[in-house]
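I have placed the structure first, in the form of structure tokens, so that the comments after it can refer back to it.
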Amino acid sequence: MTAMRILQFHSNYIVFKPIKKEIKLAEESDEKEKRIEDVVVLFIAIEKEDNKTLVNSAIKELNIFLKNIKLNRILIYPFAHLSTNLSIPKDALKLLKYMEKKAKNSQIETYRAPFGWTKQFTISIKGHPLAEQSRSYFQTEKIELKKEEIVSKAIQAEEKMKSFWHVLEPDGTLKSVKEFKFKGHKNLDLFSKYESTKLRAFCEMPPHVTLMRRLEIADYEEGSDPGNIRWYPKGRLIKSLLEQFVTNKMIEYGAMEVETPIMYDFKHPSLSDYLNRFPARQYLLNSEDKELFLRFAACFGQFLIIHDTQFSYKQMPLKLYELTRYSFRREKSGEVCGLRRLRAFTMPDCHAFCTELNQAKKEFEKRFKLSIEILNEIGLTKEDYEIALRFTEDFFEENKDLIKKLAKIYDKPILVELWKERFFYFILKWDANFIDNQKKAAALSTDQIDVENAKRYKITYVDKNGEKKYPLILHFSPSGAIERVVYALLEKAFKSQQAGKSPMLPLWLSPTQVRLIPISESYVLKVNELTKEIAKHNIRVDIDDRASTLQKKIREAEKEWVPYIIVVGPKEIESGILSVRDRENNRKVEKMKLSQLIDKIQTKIKNKPFQLLPLPQNLSKRPQFYG
RNA sequence: GCCUCGAUAGCUCAGCCUGGUAGAGCGGCUGCCUCGUAAGCAGCAGGCCGCGGGAUCAAAGCCCGCUCGAGGCUCCA
């Protein structure tokens, strides 16, 4: 069979130097050392049967390859040692020159090492999978046949997976994305484009990263793996409050909180099957004779519990809940970003085991409402996120009632991803997506109806007739990863700042809720009494007792996003009327009694968890974690 | 994981192209000021110029590799 052999390397650089002419026909050369950076080097031996047609198809393939690796530079390097069937030098040189011309004609930056010389070379080859290739170019008919086979298989797989994008209106009508008018739904438009066309915007450091550091919430930890975050006291407080809040909500909903291990035996029979389908993103660790992996969700722990649990239709839907601190996913290094996408994250995860589809649908709807409520109480309203619903054509035809209900509950257009056939383990899924300042979407809450894993984990319940049956499993995260909620709150605050408002966190999450600023040092002692009085009412209050000016202290409190700032001097001490600077109300100073302030705050943070200030009450006693 | 860019004082950054003594502002410390709603004044301390290698008489600077970060690609069970 005729074939042209090319050994192809994507190299960081190649240095070569012609040493000695080998044949009469050798080209002229200056015999100087040449260096070419970031180049695809093609080592070629021209064989007897090689011809222009083969060169043409080689260049064609090469073009595709270059596009793939986003490079446009090649070096044609005659290398006789590749073959024992070399053509005569005259023909070989002719063909090499033809190849050079063809490459140049198709806009490739082309270099060629001289023909007919012994050359010395050093090459540094890149590490990616496509960097080293040996290619053979066959006669044309052969190539086409091969391609056709590949293409038809790819099309089959793609058809199955292909997504059709629609928008579901609150009244339940389904329109294709092309038909839908996005006017007035800017974020949905962005989201649909993000999902379907993968269009990305350009920005510098994500705003929330700058903020999480400046506000001493969280920071990167270089001493760990990328995507593992350090949390400073203020950040730990915020995160802890969110964790408590979501957990309380889930217990109220009727879920039973459990705690399960973070690492599992790689060889466990129920787990290995599932794992081997997705080996790419796991953290693996070896411990003595065991191979373990870190969980990437709470599924394993809860499934293993429920596998050993006796339950019947009478106890269903049965709900288990766990706040995983942490779940681990070894996301690709280029995807890890700030608090948006981590490798170690805190995930509230609740599984509901349902008897059959009707029960699952009912539960699904209940949780959909619950999620919207939870996000809202956290401080993320329907305006802050967009919902996507994903299902198969069949499911939609048979369950329009549920889809319509969901549309009505959300009361805002929903992006729909429709598949011809089921490809994943679920038949229905929704997710809430936050659109950030870089116009990137990040999923928060999500729920799905899983029809595969009960069988895989041998989870059964006993039905009315005493028979063992596989339940449907709902996978629910009421808020999404807690880190991601913090990210969304910070990005939201930045958005409001861009809109000319004072950025802030919700009052119940603000590390300092009230800051007292004594008018001068001589008032510190008296103001301290006031601080204690306010702290008694479960309000996080602190006092700026540092030796600095009043104006500067106010500026710093504003930069810290403190919701209420109170300057205290002789007037306040005598009258008992406080001048309260209210951040939410455009930083206007309002006069009120201490009891009024306490009432106001307590009303606003009613039903939210409380935790004490995690820092010294006196600012003079606080270290500076950042800046 | 790939491509491109970046890393200099606790923070934000200049210097790098064209190699030859390490710079500013903020912050910190000390002193003065004792202040009425977003930056008072002065002085001092603070640097393995991300890490490792190379070429050079000489490297923050040039070359190679690595780590971490950003954008893009890809991916997101």
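Sequence lines set the chain letters: A, B, ... in the order given, protein chains first and strands last, and positions in each chain run from 1.
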* Structure fact -> By ring-ring contact (aromatic ring centres under 6.0 Å, His included), A/Phe625 pairs with (sequence neighbours left out) A/Tyr232
* **Euclidean distance, atom CG of residue A/Leu215 to atom C1' of B/C11 [Å, nearest integer]** => 14 Å
* To do: Tell me, please, which residues at least two apart from A/Arg343 pass salt bridge (charged side-chain N to carboxylate O under 4.0 Å, His left out).
  => A/Asp225
* **Residues forming a ring-ring contact (aromatic ring centres under 6.0 Å, His included) with A/Tyr283, sequence neighbours excluded** => A/Phe328
* **Whole-angstrom distance between B/C62 and B/C68, as gauged at atom P** => 23 Å
I'd like a list of close polar pairs between nucleotides 32-37 of chain B and the protein, N/O only, cut-off under 3.5 Å.
unit_1	atom_1	unit_2	atom_2	d
B/U34	O2	A/Glu521	N	3.2
B/U34	N3	A/Glu521	OE2	2.7
B/U34	O4	A/Glu521	OE2	2.8
B/C35	N4	A/Ser548	O	3.4
B/G36	O6	A/Pro570	N	3.3
B/G36	N1	A/Glu572	OE1	3.1
B/G36	N2	A/Glu572	OE1	3.2
B/G36	N2	A/Glu572	OE2	2.3
B/U37	O3'	A/Arg581	NH1	3.3
B/U37	O2'	A/Arg581	NH1	2.8

* **Pairs flagged by side chain to side chain donor-acceptor pair (under 3.5 Å) wherever residues 513-525 of chain A is involved - sequence neighbours left out** => A/Arg515-A/Asp542, A/Arg515-A/Glu560, A/Ser520-A/Ser522
* All salt bridge (charged side-chain N to carboxylate O under 4.0 Å, His left out) counterparts of A/Asp582, not counting sequence neighbours -> A/Lys600
* Asked: The side chain of A/Arg583 lies closest to which of these nucleotides: B/A77, B/A38, B/A70?
  -> B/A38
* To do: Rounded to whole angstrom, note down the C1' distance from B/C63 over to B/U56.
  => 11 Å
* Taking atom P in both B/G46 and B/A9, what distance in whole Å separates the two? -> 15 Å
* To do: Examine the base of B/C76 for any acceptor or donor lying under 3.5 Å from a partner atom in the side chain of A/Arg341, and report the outcome as yes or no.
  => yes
* For the pair made of NZ in A/Lys553 and C1' in B/G40, what is the distance, rounded to whole Å? -> 13 Å
Could you run down the sub-3.5 Å N/O contacts of the protein with nucleotides 27-29 of chain B?
unit_1	atom_1	unit_2	atom_2	d
B/G27	OP1	A/Lys552	NZ	2.9
B/G27	O2'	A/Gln624	OE1	2.8
B/G27	O2'	A/Gln624	NE2	2.7
B/G27	O2'	A/Gly627	O	3.2

* Non-hydrogen side-chain atoms of A/Ile306 and A/Ile473 separated by less than 4.5 Å -> no
* Please give the nucleotide sitting opposite B/G23 as a Watson-Crick or G-U wobble pair, both distances under 3.5 Å, or none. => B/C13
* To do: Could you give the distance separating B/U30 and B/A70 at their P atoms, to the nearest angstrom?
  => 37 Å
* **Residues forming a ring-ring contact (aromatic ring centres under 6.0 Å, His included) with A/Phe353, sequence neighbours excluded** => none
* To do: Could you pick out which residue, A/Phe426 or A/Asp225, lies toward the 5' side of RNA chain B when each is mapped onto its nearest nucleotide?
  => A/Asp225
* Has A/Glu584 got more than 12 heavy atoms of other residues, nucleotides or ligands less than 6.0 Å from its CD? -> no
* Contact class for A/Val336 vs. all strands (heavy atom < 4.0 Å): base, sugar-phosphate, or nothing? -> sugar-phosphate
* List in chain and number order the residues that pass side-chain contact (heavy atoms from CB on, under 4.5 Å) with A/Pro261, two or more places apart in sequence or in another chain; answer none if no residue qualifies. => A/Tyr264
* Asked: With rounding to whole Å, what would you report as the distance between B/G72 and B/G52 at their C1' atoms?
  -> 29 Å
* To do: Report the base-pairing partner of B/C35 (Watson-Crick or G-U wobble, both distances below 3.5 angstrom), or none.
  => none
* Say you pick atom P in B/G69 and the same atom in B/U21; how far apart are they, in whole Å? -> 34 Å
* Take atom C1' in B/G40 and the same atom in B/C35, then report the distance between them in whole Å. => 9 Å
* Spacing between A/Asn228 atom CG and B/U67 atom P, to the nearest angstrom -> 16 Å
* To do: Counting Watson-Crick and G-U wobble pairs only, both distances under 3.5 Å, name the nucleotide matched with B/U30, or none.
  => B/A42
* Asked: For A/Lys440 and B/G72, is the shortest distance between a side-chain N/O and OP1 or OP2 below 4.0 Å?
  -> yes
* Asked: Among all residues two or more places apart in sequence or in another chain, which pass the salt bridge (charged side-chain N to carboxylate O under 4.0 Å, His left out) test with A/Asp450?
  -> none
* Asked: How are the rings of A/Tyr457 and A/Phe300 set relative to one another: parallel (under 30°), tilted (30 to 60°) or perpendicular (over 60°)?
  -> tilted
For nucleotides 48-53 of chain B, print each protein N/O atom paired with a nucleotide N/O atom at under 3.5 Å, atom names and distance only.
none

* A/Ile473 CD1 - B/A77 P separation (whole Å) -> 17 Å
* Asked: For B/G71, which nucleotide in any strand shown is its Watson-Crick or wobble partner with both distances under 3.5 Å?
  -> B/C3
* To do: Could you please name the option among B/A39, B/A77, B/G1 that lies closest to any side-chain atom of A/Arg281?
  => B/A77
* To the nearest angstrom, how far is A/Lys588 atom NZ from B/A38 atom P? -> 15 Å
* Asked: With a 4.0 Å cut-off on heavy atoms, is A/Tyr220 in touch with a base, just the backbone sugar-phosphate, or nothing at all?
  -> sugar-phosphate
* Asked: Between atom CG in A/Asn437 and atom C1' in B/A70, what is the gap in whole Å?
  -> 16 Å
* Provide, to the nearest angstrom, the distance between the CZ atom belonging to A/Arg343 and the P atom belonging to B/U67. => 11 Å
* Asked: Does the ring of A/Tyr425 meet both stacking tests against the six-membered base ring of B/A77: centre distance under 5.5 Å and plane angle under 30°?
  -> no
* How many angstroms lie between CE in A/Met212 and CG in A/Asp219, if you round to the nearest 0.5 Å? -> 5.5 Å
* By ring-ring contact (aromatic ring centres under 6.0 Å, His included) - contacts of A/Phe434 (at least two apart) -> A/Tyr487
* Asked: Any side-chain N or O of A/Tyr626 under 4.0 Å from OP1/OP2 of B/C26?
  -> no
* Structure fact -> Testing B/A38, B/G1, B/A77 for proximity to the side chain of A/Lys332, the answer is B/G1
* Test item: A/Leu472 and A/Phe364 side chains (from C-beta on) under 4.5 Å apart, heavy atoms -> no
* To do: May I have the distance from A/Arg330 (atom CZ) to B/C75 (atom P), rounded to whole angstrom?
  => 17 Å
* Asked: How is A/Arg213 classified with respect to the nucleic acid when contacts are heavy atoms under 4.0 Å: base, sugar-phosphate, or nothing?
  -> nothing
* Asked: Using a cut-off of 4.0 Å on non-hydrogen atoms, how would the nucleic acid contact of A/Gly338 be classed: base, sugar-phosphate, or nothing?
  -> sugar-phosphate
